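Below: the structure, in structure tokens.
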Number of protein chains: 4
Amino acid sequence: MERAERKEKEFHRRRTDILGQAEKVFAAKGFYGTTVAEIAGASGYAVGTIYHFFEGKEDLFTAMITEKMEAMYSEIRRAAEREKSTTGKIRALVSAQFRFVEKNREFCAIFIRRERTVFSEGNDALKKKIIVDYMDHISYLESVLSEGVSGGFLRQIPPRSTAFALAGMINSFIVSWMYTPGDEPLSSKADSLLDIFLKGAGIHEL
Amino acid sequence: MERAERKEKEFHRRRTDILGQAEKVFAAKGFYGTTVAEIAGASGYAVGTIYHFFEGKEDLFTAMITEKMEAMYSEIRRAAEREKSTTGKIRALVSAQFRFVEKNREFCAIFIRRERTVFSEGNDALKKKIIVDYMDHISYLESVLSEGVSGGFLRQIPPRSTAFALAGMINSFIVSWMYTPGDEPLSSKADSLLDIFLKGAGIHEL
Amino acid sequence: MERAERKEKEFHRRRTDILGQAEKVFAAKGFYGTTVAEIAGASGYAVGTIYHFFEGKEDLFTAMITEKMEAMYSEIRRAAEREKSTTGKIRALVSAQFRFVEKNREFCAIFIRRERTVFSEGNDALKKKIIVDYMDHISYLESVLSEGVSGGFLRQIPPRSTAFALAGMINSFIVSWMYTPGDEPLSSKADSLLDIFLKGAGIHEL
Amino acid sequence: MERAERKEKEFHRRRTDILGQAEKVFAAKGFYGTTVAEIAGASGYAVGTIYHFFEGKEDLFTAMITEKMEAMYSEIRRAAEREKSTTGKIRALVSAQFRFVEKNREFCAIFIRRERTVFSEGNDALKKKIIVDYMDHISYLESVLSEGVSGGFLRQIPPRSTAFALAGMINSFIVSWMYTPGDEPLSSKADSLLDIFLKGAGIHEL
DNA sequence: GATGAATGAGGTTTCATTCAT
DNA sequence: CATGAATGAAACCTCATTCAT
């Protein structure tokens with residue numbers, strides 16, 4: 001079965017090729033502004049060939065978003081899991097996400113755009129998937145924060161709210177970085193973020 | 001000039017009518033998923049009539065977003081200005097935005113979608129406008145926070161970062177509320193948000 | 001009936017006004033490139049008002065062409081009739097047409113364009129009218145030339161052919177003048193034309 | 001490269017097909033009266049297919065006119081070049097044009113209509129091309145006539161005027177033939193034309 | 001398996017014409 | 001009578017998808 005295996009691998013390589021090129025084009029022009037012909041051109045295949053790998057433009061887009069998004073979330077989770085302490089986990093979480101954004105600007109440009117408009121007649125599969133995965137991610141943050149609360153490292157606040165707060169802050173720092181053409185790495189802002197998240201903006205008298 | 005005035009008013013009323021109906025359709029189907037015919041149908045006018053009020057679909061969309069967005073930001077600002085203390089301003093700011101979202105679910109669904117894809121050949125006028133206005137809003141938050149820092153009510157942290165953190169938290173609470181079909185009003189979360197923002201999530205020993 | 005008469009006159013004045021302005025716009029943009037709104041704007045009336053004077057855009061165009069065309073042909077004919085001799089008539093004919101063109105560049109720009117495309121479903125009324133009037137004009141030329149033949153001033157050639165030849169030469173001189181931005185008056189070419197028409201381009205040995 | 005060559009040829013054949021069908025439709029209904037759908041229908045292709053061959057309706061029209069017009073002029077020129085004497089050249093010129101018209105009634109119906117109205121915003125490329133080519137043709141006639149003058153076969157008249165006169169006569173004979181539903185071939189009129197052109201209509205006493 | 005020419009549904013926009021004011 | 005806002009039919013063009021080679 002060597003032969004079949006190689007074929008399989010070849011197939012996968014090409015698919016990944018296309019996905020990568022598609023990402024660039026989608027990032028530059030948006031879902032509706034991109035034509036299948038452009039993706040074909042960019043990836044060096046014929047239009048028809050694209051349809052051997054994906055059922056259609058929408059499917060291609062969905063696959064691209066889904067796979068990268070899952071990679072992102074699992075990368076973040078893996079980074080957090082490597083840490084023991086709650087604060088270590090949070091720090092790892094933030095750093096991992098920031099690093100991912102730095103390495104995947106194009107994807108994030110699309111992702112932030114949240115271009116998951118209702119597609120063909122009620123096909124909001126992607127929309128739902130994105131929300132579900134996002135909520136799963138929030139739940140993961142929640143579990144980490146919960147641990148911190150029980151461990152006495154975090155204040156007794158409903159951890160879901162805290163999770164949303166943390167996610168929002170992370171997201172906001174990302175957006176700020178993407179829209180501001182500064183040259184500081186995003187990662188350098190992680191400490192600042194953590195400081196605000198953990199200590200708050202207010203003054204606490206002793 | 002009574003006559004002309006009344007006409008002017010009528011014109012404005014109809015324009016607003018169309019804008020309102022368009023908002024609903026755009027919210028449900030996205031910019032590209034919506035046809036001008038649908039907007040016409042929803043607002044009870046003929047297709048051609050839409051073109052008396054707007055130069056095209058894009059112009060209509062831009063007008064809708066722009067006008068409501070500006071209303072939102074100024075509403076928030078006005079609410080903050082009514083308060084004296086920094087914390088009062090922040091609270092007012094958050095509450096005002098939450099109330100706006102509750103009253104304008106549909107607009108916010110679009111706005112959060114950030115559907116400002118590349119339009120016709122380099123027309124990213126709307127995109128730029130949204131970013132500029134957002135950055136202006138951030139700057140406003142920054143100025144409020146700066147005051148708090150000089151007044152000794154807020155910690156000495158670069159206020160721009162704090163502003164992004166605050167904006168991110170607000171946004172995240174909004175998204176959470178919009179995607180979770182709970183029936184609690186968003187406004188009820190304002191205190192929780194403020195608590196996290198001001199005191200942070202961590203425990204601070206005395 | 002003073003009142004009715006004045007009204008009648010007023011009506012006619014406005015109609016002529018519109019026709020004159022329409023001529024300019026049509027000359028500049030062609031029939032299909034011109035909108036009724038433009039004609040209305042140019043003539044200082046409202047769109048609806050145009051429809052009090054003409055049944056529609058096509059009718060307006062037809063009226064404009066028809067009336068001016070008839071004026072042109074009758075002007076030419078009148079000028080010829082004032083002369084006695086055949087050559088005098090021919091010379092008068094050519095001069096009159098050249099003068100008309102000089103005074104009505106805009107109209108002639110349209111007329112030469114022969115924009116009488118098939119209009120709405122078989123309405124080639126204008127097309128036919130133009131051809132019929134042209135043929136009538138040719139027949140008139142023919143009659144003048146016939147006289148010249150019987151009088152022994154012109155060679156015995158089928159006068160219809162000669163008429164077409166003459167008309168063609170005149171037309172060609174006009175086109176040449178209109179497309180060439182020289183500043184010599186068209187009228188100055190009349191003698192040259194007559195010379196070629198009467199004596200031919202060849203050398204005739206005695 | 002056999003394969004690519006055959007494809008190239010196929011492409012050209014289809015393009016020519018479409019051009020030919022378009023010519024008929026344009027001749028019958030004019031540029032604005034013709035829809036792309038009609039051209040598609042007439043040539044047996046789908047609407048979209050037309051756009052593989054031409055950039056748009058205007059481009060299609062321009063291509064059709066341009067190519068045929070150039071063919072016409074070069075055909076005429078080639079015919080003239082085959083002759084030695086000036087009169088031979090003139091006769092060949094006239095005959096060639098007449099034969100072309102007989103074989104291309106439809107094209108000539110369009111061409112004579114001079115339907116080159118102002119197209120999209122200042123695109124008078126076609127208009128200019130037609131004028132330039134016409135003037136080139138006139139210049140060619142002029143050169144032929146010049147030769148005749150130097151050779152002593154033609155009178156000493158400014159050859160440009162004579163060229164316009166000749167072109168006008170030819171054109172007029174064509175128009176006459178096209179509008180008159182007689183069944184005599186146009187070619188049969190060539191001698192008559194030459195006779196008038198060379199000897200003139202007047203009587204020259206010895 | 002790869003290709004890319006062909007398809008045609010569907011969208012945006014224009015504009016002649018009408019008719020209530 | 002004059003007006004000009006409203007109408008809606010109709011046209012051009014794009015582009016995702018298919019399928020014969």
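Only a predicted model underlies this, so the values are computations on that prediction, with no experimental measurement involved. Just so it is clear, the values below take in all heavy atoms, side chains as well, and ignore hydrogens, waters and symmetry mates. A, B, ... follow the sequence lines: proteins, then strands. Residue 1 opens every chain.
- The distance from atom CD of Glu38(D) to atom P of dA11(F) is 8 Å, rounded to the nearest whole Å.
- In the set dG4(F), dC13(F), dG8(E), dG8(E) carries the atom at the smallest distance from any side-chain atom of Ala46(D).
- Considering only residues two or more places apart in sequence or on other chains, Lys7(A) meets the side-chain contact (heavy atoms from CB on, under 4.5 Å) condition with none of them.
- For Lys57(A) and Phe31(A), the positive end sits near the middle of the six-membered ring, less than 6.0 Å away and at most 45° from its axis.
- Remark: C1' of dA6(E) and CD1 of Ile18(D) are 11 Å apart, rounded to the nearest angstrom.
- Thr62(C) places none of its side-chain heavy atoms less than 4.5 Å from the side chain of Lys129(C).
- Comparing Lys57(D) and Phe53(C) by the nucleotide of DNA chain F that holds the closest heavy atom to each, the one mapping nearer the 5' end is Phe53(C).
- Nucleotide dG11(E) holds its C1' atom 13 Å from the NZ atom of Lys29(B), rounded to whole Å.
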Solution key, residues 34-42 of chain A side-chain donor-acceptor pairs under 3.5 Å, sequence neighbours excluded:
residue, atom, partner, partner atom, Å
Thr34(A), OG1, Gly30(A), O, 2.7
Thr35(A), OG1, Glu38(A), N, 3.1
Thr35(A), OG1, Glu38(A), OE1, 3.4
Glu38(A), OE1, Thr35(A), N, 2.9
Glu38(A), OE2, Lys29(A), NZ, 2.5

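- Contacts of Gly48(B) with the nucleic acid, taken as non-hydrogen atoms under 4.0 Å apart, include base atoms.
- Separating the CG atom of Asp17(B) from the P atom of dA6(F) is a distance of 11 Å, rounded to the nearest angstrom.
- Across all strands shown, Phe11(B) has no heavy atoms under 4.0 Å from either base or sugar-phosphate atoms.
- Sequence order on DNA chain E of the closest nucleotides to Val47(D) and Val47(B) puts Val47(D) first from the 5' end.
- Leu60(A) places its CG atom 15 Å from the C1' atom of dC15(F), with the value rounded to the nearest Å.
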Worksheet item: So what does the secondary structure string of DNA chain F come out as, 5' to 3', with Watson-Crick or wobble pairs under 3.5 angstrom, [ ] for crossing and | for pairs with another strand?
Response: .||||||||||||||||||||

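- For His52(B) against dA5(F), no side-chain N or O and base N or O form a donor-acceptor pair under 3.5 Å.
- Nearest nucleotide to the side chain of Tyr51(A), out of dT18(F), dA5(E), dT18(E): dT18(F).
- When the nucleotides dA5(E), dC12(F), dA6(F) are ranked by their closest atom to the side chain of Arg14(D), dA5(E) comes out on top.
- Nucleotide dT17(F) holds its C1' atom 19 Å from the CZ atom of Phe61(A), rounded to whole Å.
- Applying the side-chain contact (heavy atoms from CB on, under 4.5 Å) criterion to Glu10(C), with sequence neighbours excluded, gives Arg13(C), Arg14(C).
- Nucleotide dT21(F) holds its C1' atom 13 Å from the CD atom of Glu10(D), rounded to whole Å.
- Among residue pairs with one or both ends in residues 19-28 of chain B, those qualifying as salt bridge (Lys or Arg N to Asp or Glu O under 4.0 Å) are Glu23(B)-Lys68(B); sequence neighbours excluded.
- With sequence neighbours excluded, the residues satisfying side-chain contact (heavy atoms from CB on, under 4.5 Å) with Arg15(D) are Phe11(D), Leu19(D), Phe53(D), Phe54(D), Ala63(D), Glu67(D).
- The OH atom of Tyr32(C) sits 11 Å away from the P atom of dA16(E) (whole-angstrom rounding).
- Side-chain atoms of Ser43(D) and Ile50(D), non-hydrogen and from C-beta on, do get closer than 4.5 Å to each other.
- The residue among Ile50(B) and Thr49(C) whose nearest nucleotide of DNA chain F lies closer to the 5′ end is Thr49(C).
- Taking for each of Thr35(B) and Gly44(A) the nucleotide of DNA chain E with the nearest heavy atom, the 5'-most of the two is the partner of Gly44(A).
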